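The structure displayed is predicted, hence computed values, not measured ones. Numbering starts at 1 and runs along the sequence shown. Hydrogens, waters and symmetry mates are skipped; everything else that's a heavy atom, side chains included, is used.
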Amino acid sequence: MMKWPNHGGQPEIIKQLFDIKTDRKFLDFSANLNPFGPPSWLKNTIQRHYETITRYPDPSYSKSSEAVAIHEGVEQNNILLTNGGAEAIFLAAKFFEKGKAIIVQPTFLEYERACRHYHIDVEDVLYESGNGFKLLMPSLIEKLKEKDVVFLCRPNNPTGTVFPKEDLQLLVEEGKKAGTYIVVDEAFLDFLPSSTPSLSNWIASYPNIILLRSLTKMYTIPGLRIGFLMAHPSIINVLKNEQIPWSINSLVDAVVPNLLEDRSFVEHTRAWLHEQSEYVRRTLLSLDYYMSPSQVNFYLLQDKKQPKRTEDLFLFLMEHGIVTRHTHNFKGLNGEFLRIAIRSKDENRQLLSVLQKWRNET
Ligand SMILES: Cc1ncc(COP(=O)(O)O)c(C=O)c1O
């Protein structure tokens with residue numbers, strides 16, 4: 001049995017695992033970060049704030065929190081800055097320690113890990129892979145009444161699909177009646193067109209919603225570690241007490257307001273994504289591949305003509321210098337799809353030409 005790595009973005013580990021002896025640099029389609037980031041000004045700005053590392057950060061991170069609150073149109077007491085989206089996930093899970101959860105799957109693996117860590121009993125509810133990853137709502141609504149929390153990723157990793165807003169509202173309303181919380185991870189929200197806003201304006205009406213965010217993906221800063229959690233102040237106060245002191249470092253605290261102000265970087269990214277995802281979709285359809293109805297910067301791929309040969313396709317791509325993300329450890333996918341990032345025009349073209357080759361040769 002092959003040992004598959006747990007996360008994407010590890011081309012060197014993949015090389016070792018598959019014993020690939022080449023110095024050739026792999027094109028990494030397995031990580032779902034913005035290929036344009038970080039914004040070009042960030043390096044100088046971090047350098048300018050170098051001195052801040054000699055001091056403890058402001059424990060309330062007031063400037064960054066204020067910038068996030070303004071950006072999201074919520075109050076500062078609705079916000080808790082976190083050490084990446086990952087800390088936001090673990091803090092949210094802590095709130096339901098020893099409780100009962102639903103995780104809507106296939107999705108990001110850390111919800112399950114966080115639930116296990118806090119002894120939360122988990123029931124998985126699956127999207128239908130044969131139906132564009134839609135969900136049977138009546139069954140979920142029935143089940144949520146007996147649970148403390150539902151974890152849902154929107155846009156969802158790894159499918160890239162966006163849970164319909166009307167359905168989510170129904171969940172949140174049913175949850176409110178039943179005393180069930182809905183945790184929505186919006187780590188990839190910034191990649192959606194501005195016509196699909198955050199749910200942050202729901203916080204005021206729904207005390208049972210917890211929103212998780214990350215700046216990692218849009219700004220390509222997985223090493224900086226910054227995210228935040230938005231919820232009713234009563235939840236924020238509890239979680240603040242659970243958080244490790246100075247969880248956010250002073251360099252990040254110094255640059256959060258600048259990152260949020262840089263709207264042109266986000267707009268530029270969205271324009272690229274719109275253009276490239278159209279191009280990739282058109283080409284994949286013409287080559288008879290399945291592409292999940294993703295709205296963000298990655299998608300699930302399957303060879304419609306040979307759905308059982310995904311592992312061979314993974315290896316074929318690797319032999320041609322392209323690393324994708326296997327789906328062996330995503331519930332309900334069983335390795336039958338590959339998760340692939342949308343990258344620059346030139347890189348997408350290289351990927352598509354290898355997929356064309358696979359089509360011609362197999
Ligand atoms: C859906 C989702 N949420 C959260 C995270 C974690 O982000 P961060 O690096 O900010 O902790 C990831 C990272 O892959 C993710 O895919």
Looking at [X] and [Y], would you say the former's side chain and the latter's main chain have a donor-acceptor pair under 3.5 Å?
X      : Y      : result
Ser292 : Thr159 : yes
Tyr219 : Leu259 : yes
Glu87  : Ile226 : no
Asp124 : Gln105 : no
Thr283 : Tyr279 : yes
Ser64  : Asp253 : yes
Asn156 : Pro106 : yes
Thr310 : Pro307 : yes
Thr220 : Leu33  : no

query: Looking at residues at least two apart in the chain, or sitting in another chain, which of them share a salt bridge (Lys or Arg N to Asp or Glu O under 4.0 Å) with Arg270?
result: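 Once residues adjacent in sequence are excluded, the partners of Arg270 under the salt bridge (Lys or Arg N to Asp or Glu O under 4.0 Å) criterion are Glu267.
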[X] and [Y] ion-paired at < 4.0 Å:
X      : Y      : value
Arg113 : Glu110 : yes
Glu173 : Lys177 : no
Glu72  : Arg213 : yes

Is any side-chain heavy atom of [X] less than 4.5 Å from a side-chain heavy atom of [Y]?
X      : Y      : result
Arg154 : Leu199 : yes
Val149 : Phe151 : yes
Pro158 : Leu300 : yes
Pro293 : Tyr299 : no
Ile221 : Leu215 : yes
Pro57  : Asn249 : no
Pro207 : Lys176 : yes
Leu171 : Met137 : yes

Might you point out which heavy atoms bring [X] and [Y] nearest each other, and give the distance in Å?
X      : Y      : value
Lys147 : Thr180 : O-OG1, 3.0 Å
Phe265 : Thr269 : O-OG1, 2.8 Å
Val172 : Ile209 : CG2-CD1, 4.1 Å
Asp58  : Lys63  : OD2-N, 4.5 Å
Val280 : Leu352 : CA-CD1, 4.3 Å

| task | Applying side chain to side chain donor-acceptor pair (under 3.5 Å), name anything that partners Trp41, two or more places apart in sequence or on another chain. | result |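 With neighbours one apart ignored, the set is Asp262.
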Report task. Could you pull out all residues at least two apart from Asp190 that satisfy side chain to side chain donor-acceptor pair (under 3.5 Å)? Result ->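 Scan of Asp190 (side chain to side chain donor-acceptor pair (under 3.5 Å), adjacent residues dropped) gives none.
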Q) How about Phe188 and Phe298: are their ring centres within less than 6.0 Å of each other? A)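 Yes: the rings meet the under 6.0 Å criterion.
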| task | May I have the step-by-step check of salt bridge (Lys or Arg N to Asp or Glu O under 4.0 Å) for Glu146 and Lys143, ending in yes or no? | result | CA-CA 6 Å; Glu146 273 124 51; Lys143 285 179 177 173; over 6 Å; no
Item to complete: Evaluate the criterion salt bridge (Lys or Arg N to Asp or Glu O under 4.0 Å) for residue pair Asp28 and Arg343; output intermediate values, then yes/no.
Response: CA-CA 9 Å; Asp28 186 8; Arg343 303 210 37 101; over 6 Å; no
For residues 88-101, dump all side-chain donor-acceptor pairs below 3.5 Å to protein atoms at least two apart in sequence or in another chain.
unit_1: Lys94; atom_1: NZ; unit_2: Glu97; atom_2: OE1; d: 2.6

Suppose the criterion is salt bridge (charged side-chain N to carboxylate O under 4.0 Å, His left out): which pairs have a residue in residues 287-298, not counting sequence neighbours?
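Found Asp288-Lys304.
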Next item on the list: Applying side-chain contact (heavy atoms from CB on, under 4.5 Å), run through Ile46 and Asn44 and close with a yes or a no.
Entry: CA-CA 5 Å; Ile46 285 185; Asn44 281 340; over 6 Å; no
Dump the intermediate steps for ring-ring contact (aromatic ring centres under 6.0 Å, His included) on Phe330 and Phe337, then the final yes or no. CA-CA 10 Å; Phe330 285 111; Phe337 297 81; over 10 Å; no
Show me the donor-acceptor pairs within less than 3.5 Å that the side chains of residues 126-135 make with the rest of the protein, sequence neighbours left out.
unit_1: Glu128; atom_1: OE1; unit_2: Asn131; atom_2: ND2; d: 3.2

